[in-house]
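The structure appears right after this line, and notes come after that.
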2 protein chains.
Amino acid sequence: MAQSPYTDDQLILAARLYFIDDLPQAQIGKLVNVSQSKISRMLALARERGLVRVTVPDYDPRNGALEKDLKDSLGVSAVVIRSAAGLKIQDLRQTLGYFAASVVSSWIAPRSVVAIAGGRTMQALVEQMKPAGSTEGVRVVQAMGNIDSTSGAYDAAELGRQMASAWKGTFLTLNTPAILPDADVCRQLLGLEQIRNILTCLADANVALVGIGTLENSVFLERKVLGKRDIAALREAGAVGEILGRFYNAAGRECKTPLRERVVSLPLEELRRIPQVTAVVSGSDRSSALSAAIRGGLVKSLVIDERGAASLLGKPL
Amino acid sequence: MAQSPYTDDQLILAARLYFIDDLPQAQIGKLVNVSQSKISRMLALARERGLVRVTVPDYDPRNGALEKDLKDSLGVSAVVIRSAAGLKIQDLRQTLGYFAASVVSSWIAPRSVVAIAGGRTMQALVEQMKPAGSTEGVRVVQAMGNIDSTSGAYDAAELGRQMASAWKGTFLTLNTPAILPDADVCRQLLGLEQIRNILTCLADANVALVGIGTLENSVFLERKVLGKRDIAALREAGAVGEILGRFYNAAGRECKTPLRERVVSLPLEELRRIPQVTAVVSGSDRSSALSAAIRGGLVKSLVIDERGAASLLGKPL
DNA sequence: CTGGGCCATGAATATTTATGCTAAATAGCA
DNA sequence: TGCTATTTAGCATAAATATTCATGGCCCAG
């Protein structure tokens with residue numbers, strides 16, 4: 001270990017002048033005959049060394065009351081993140097990701113298998129996640145094929161990779177489109193060993209992190225993988241929401257449309273068997289899709305913002 | 001009292017994000033949906049309200065060892081201020097003033113009479129001084145006339161005014177030149193009631209704060225009130241230092257030169273009777289003048305920087 | 001000794017933070 | 001209700017702080 005370039009005494013002097021007496025760094029520099037840059041570095045060092053301690057009362061980013069309400073009335077265990085009023089959706093996502101990250105990270109036990117989906121909220125979350133304890137033998141598995149060939153920053157493949165790297169674990173990618181033009185191709189793909197393996201792996205996941213799509217607001221429509229008439233057909237068939245590219249009805253059962261046979265992702269029946277399936281959702285426009293998923297047992301826990309939670313409970317907040 | 005515009009909770013959130021998570025204010029602003037300016041103000045408020053507390057270990061600006069040495073070997077009680085190596089003289093003065101101010105301020109008891117001289121170090125000190133406790137009935141008295149008619153920022157008159165105003169006390173000014181062209185004029189001035197009163201007052205001072213001049217480095221020479229030949233004459237007469245415009249020899253006795261009769265200031269014999277006479281000195285070029293003053297009992301205590309103290313002790317530091 | 005690598009340093013500069021100012025909101029008052 | 005006084009917010013910008021970069025000192029291996 002290198003010996004320190006400064007004595008604690010010097011650091012304390014600088015720190016006192018700065019934090020207690022509120023002198024600007026340049027002035028402190030004059031008093032101790034060094035440059036402002038150095039004072040800046042000394043202050044940083046003083047904090048690192050713990051000479052300067054800043055104490056701030058705890059802030060609880062979670063809304064415990066809403067969490068309890070959700071548990072009581074819907075039976076889901078939820079992480080409800082407080083959110084400022086009037087936030088634009090992207091900032092809301094950021095907030096959610098920022099504050100939920102530590103909780104969600106703590107769920108990732110050593111040797112666990114994590115099934116992961118894509119989505120912007122998911123992206124905001126994963127971006128902030130980092131291992132809390134041991135990272136031993138974590139496997140991250142992409143839970144759904146790729147939406148199209150342009151690999152976006154918030155696709156499952158990318159997020160999975162990111163998370164796996166943070167945990168120094170392995171990442172298993174589902175190397176196929178999510179939705180195929182016809183059922184035949186899909187069946188063929190599903191026959192491939194590479195893909196079968198991944199799906200098996202997924203079925204054994206300990207934790208699944210998924211988003212919730214709606215008919216009004218679907219990545220598939222947005223990215224033109226499905227057309228308006230596909231959506232219309234789905235609506236016809238009673239679809240109210242989507243998880244991993246699979247649409248389900250108000251009871252939380254997968255809709256029996258031809259589309260069902262064209263999707264490469266963890267089937268909802270298998271998802272249901274995963275012990276912890278968490279929907280990561282922000283905003284209040286997904287209430288009905290979300291409540292159907294909960295009702296159908298597709299989703300067992302929730303990471304959501306205050307307003308989303310409130311609207312899910314039918315309370316206008 | 002106005003009700004606060006922010007809840008503690010909001011402040012705590014902002015403060016945590018800033019101080020604990022080290023997010024920049026702009027980013028925090030996004031998360032809580034306000035402008036960066038507001039976050040800045042919220043943080044300031046959080047500190048005011050004591051929600052954020054910054055603790056820094058105490059720094060002792062005094063060099064106790066040197067203080068003890070001075071007491072032991074010269075019998076003066078000193079305040080020795082630590083100083084960084086290589087400081088330019090003006091920054092050294094600043095340092096001294098900054099750190100000595102609180103000690104010296106604490107000497108000013110309610111109802112005390114303070115005799116004050118000028119000088120740059122004195123200026124640096126007075127600038128930083130502020131009352132520690134009660135300020136009741138403090139009188140500040142200018143201990144020496146004005147050097148010339150250009151009133152500088154570090155003349156006794158100015159410093160006295162400044163200090164008196166900080167203590168909300170009264171200031172008595174010595175409205176005359178310090179050094180007069182001849183003894184006659186001087187005598188006449190000394191006869192004026194206004195001036196006699198001040199001098200009486202000075203003689204009753206509880207505390208005197210004075211500087212030390214040398215023959216090499218004298219304000220009077222600098223401001224051309226004395227000429228080189230005056231200085232030469234003084235040297236001839238054995239002068240080694242100057243206090244309040246009065247030159248003294250190595251024994252600390254006032255030199256008997258004609259100049260003596262031309263000065264308007266507290267006479268050294270009377271200075272000697274003031275219970276606390278403190279020399280405020282920075283730099284190491286005044287050692288001999290200083291030690292003569294101490295020897296002669298002109299000065300009973302010292303406010304000085306580390307190097308000055310060391311050189312006074314003959315230790316090269 | 002004599003390079004060569006390493007590190008600390010300060011000047012220059014990029015980034016972040018604080019603040020003066022204007023406009024909008026809010027409250028008090030007639 | 002309409003008016004003024006006061007507060008508060010955000011923009012623009014000044015001020016302060018962090019960081020990059022070039023340099024020079026120092027230590028160690030040759």
Side-chain angles (χ1 to χ4, degrees), chain A residues 1-56 59 83-88 90-92 94-95 98 128, chain B residues 1-56 59 83-92 94-95 98:
Chain A
M1 185 184 295
Q3 66 165 2
S4 66
Y6 313 103
T7 69
D8 281 6
D9 221 55
Q10 296 175 287
L11 297 184
I12 290 172
L13 169 55
R16 276 198 85 78
L17 292 173
Y18 189 74
F19 289 107
I20 310 286
D21 300 347
D22 288 314
L23 298 188
Q25 297 180 359
Q27 193 153 330
I28 300 172
K30 286 206 146 191
L31 293 183
V32 303
N33 203 33
V34 297
S35 64
Q36 175 268 321
S37 340
K38 199 166 163 183
I39 298 293
S40 172
R41 291 191 260 247
M42 286 170 80
L43 291 172
L45 187 56
R47 288 228 253 167
E48 269 175 36
R49 287 207 197 157
L51 297 173
V52 173
R53 268 173 304 179
V54 179
T55 32
V56 180
Y59 173 77
S83 52
L87 278 183
K88 288 196 261 317
Q90 64 268 40
D91 294 329
L92 181 60
Q94 290 300 111
T95 305
Y98 191 88
Q128 302 292 340
Chain B
M1 186 183 293
Q3 64 166 5
S4 69
Y6 313 101
T7 69
D8 281 7
D9 221 56
Q10 295 174 287
L11 297 184
I12 290 171
L13 168 55
R16 276 199 87 76
L17 292 173
Y18 188 73
F19 289 105
I20 310 287
D21 300 346
D22 289 315
L23 297 188
Q25 298 179 359
Q27 194 152 328
I28 299 172
K30 286 204 148 191
L31 292 184
V32 303
N33 201 33
V34 296
S35 66
Q36 174 267 323
S37 342
K38 198 167 162 183
I39 298 294
S40 171
R41 292 190 250 249
M42 285 169 81
L43 290 172
L45 187 56
R47 282 173 76 172
E48 270 176 36
R49 288 206 198 159
L51 297 173
V52 173
R53 266 174 305 180
V54 179
T55 32
V56 180
Y59 171 79
S83 54
L87 276 183
K88 287 195 260 319
I89 184 65
Q90 63 268 44
D91 294 329
L92 181 60
Q94 290 299 113
T95 305
Y98 192 90

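When reading the values below, keep in mind they use all heavy atoms of this one structure, side chains included, and skip hydrogens, waters and symmetry mates. Sequence lines set the chain letters: A, B, ... in the order given, protein chains first and strands last, and positions in each chain run from 1. Here the structure is a predicted model, which is why all the values come from computation and not from measurement.
- Between the CE atom of B:Met42 and the P atom of D:dT8 there is a distance of 13 Å, rounded to whole Å.
- Contact annotation: A:Ser35 side-chain N/O to C:dG10 OP1/OP2 distance is under 4.0 Å.
- One atom, NZ of A:Lys38, and another, C1' of C:dA12, lie 18 Å apart when rounded to the nearest Å.
- OP1 or OP2 of D:dT17 has at least one side-chain nitrogen or oxygen of A:Tyr18 nearer than 4.0 Å.
- Comparing A:Pro24 and A:Arg41, the nucleotide of DNA chain D nearest to each residue sits closer to the 5' end for A:Pro24.
- With hydrogens and angles ignored, no donor-acceptor pair closer than 3.5 Å exists between the side chain of B:Gln25 and the base of C:dA18.
- Checking side-chain atoms of A:Gln27 against main-chain N and O of A:Pro24 turns up no donor-acceptor pair under 3.5 Å.
- Pairing each heavy atom of A:Lys30 with each of B:Leu87, the nearest pair is O-CD2, 3.3 Å.
- Side-chain contact check for B:Ile20 versus A:Val54: every heavy-atom pair is 4.5 Å or farther apart.
- What separates CG of A:Asp22 from C1' of C:dT17 is a distance of 14 Å, to the nearest Å.
- Atom NZ of A:Lys30 and atom P of C:dG10 are 14 Å apart (whole Å).
- Rounded to whole Å, the distance from CG on A:Leu43 to C1' on D:dA18 is 11 Å.
- In this structure, the CG atom of A:Leu45 is 15 Å from the C1' atom of C:dT9, given to the nearest Å.
- Closest approach to the A:Gln36 side chain among D:dG10, D:dT17, C:dA18 is made by D:dT17 (side chain taken as heavy atoms from C-beta onward).
- Rounded to whole angstrom, the span from the CD1 atom of A:Ile39 across to the P atom of D:dA18 amounts to 11 Å.
- With contacts defined as side-chain heavy-atom distances shorter than 4.5 Å, the pair B:Val56/A:Tyr18 does not qualify.
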